[in-house]
Engineer: 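Handing you a structure now.
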Amino acid sequence: MAEGEEGGSVMELEGRARRLGSPVVTIGTVALLFALAASWRSCAREIVDHAYPLPPDGQPTEEWVARRARLEVLLHLDVSLLRNPLTALTILSPLLTGALAAFIPELGKV
């Protein structure tokens, strides 16, 4: 077997690198997905504001409120980011996969 700089075999060093790399990739993926979800909600909020701006007199009618609420429901803005199950699964699935790959070496092997 080839020896690494620290006296361990190349296979051991590759295994350590894989276990260290998995959480880094997972954290990066979660950060990216969270930023994507927050950006999407911001864009959806702008769509609602553009479609139903506040009336010029500043007094919204019941019809205006109902239409705006209907569009917010359609775009899922009525549900908070953390209470939406799809968002939670999107963020948690890479975390769980990374944790499994880091702590169960057989799952990390190809």
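Residues take their numbers from the sequence shown, with the count starting at 1.
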Engineer: Under a single-linkage definition using a 4.5 Å side-chain heavy-atom cutoff for Ile, Leu, Val, Met, Phe, Trp and Tyr, are Leu36 and Ile47 assigned to the same hydrophobic cluster?
Structural biologist: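 The answer is no; the residues belong to distinct hydrophobic clusters.
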Engineer: With sequence neighbours excluded, tell me which residues meet side chain to side chain contact (heavy atoms under 4.5 Å, CB included) with Ala44.
Structural biologist: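 Per chain and number, Ala44 pairs via side chain to side chain contact (heavy atoms under 4.5 Å, CB included) with Trp40, Leu75, Leu77.
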Engineer: By the rule that ILVMFWY residues connect when side-chain heavy atoms come within less than 4.5 angstrom, directly or transitively, which residues belong alongside Val73?
Structural biologist: none
Engineer: Return the set of residues passing salt bridge (charged side-chain N to carboxylate O under 4.0 Å, His left out) with Arg45 (not counting sequence neighbours), or none when no residue passes.
Structural biologist: Glu72
Engineer: In chain order, what residues pass the side chain to side chain donor-acceptor pair (under 3.5 Å) check against Glu63, with sequence neighbours excluded?
Structural biologist: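 Side chain to side chain donor-acceptor pair (under 3.5 Å) check on Glu63 returns Arg67.
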Engineer: Side-chain donor-acceptor contacts of residues 49-56 below 3.5 Å, not counting sequence neighbours, with atom names and distances?
Structural biologist:
residue, atom, partner, partner atom, Å
Asp49, OD1, Arg68, NH1, 3.3
Asp49, OD1, Arg68, NH2, 2.5

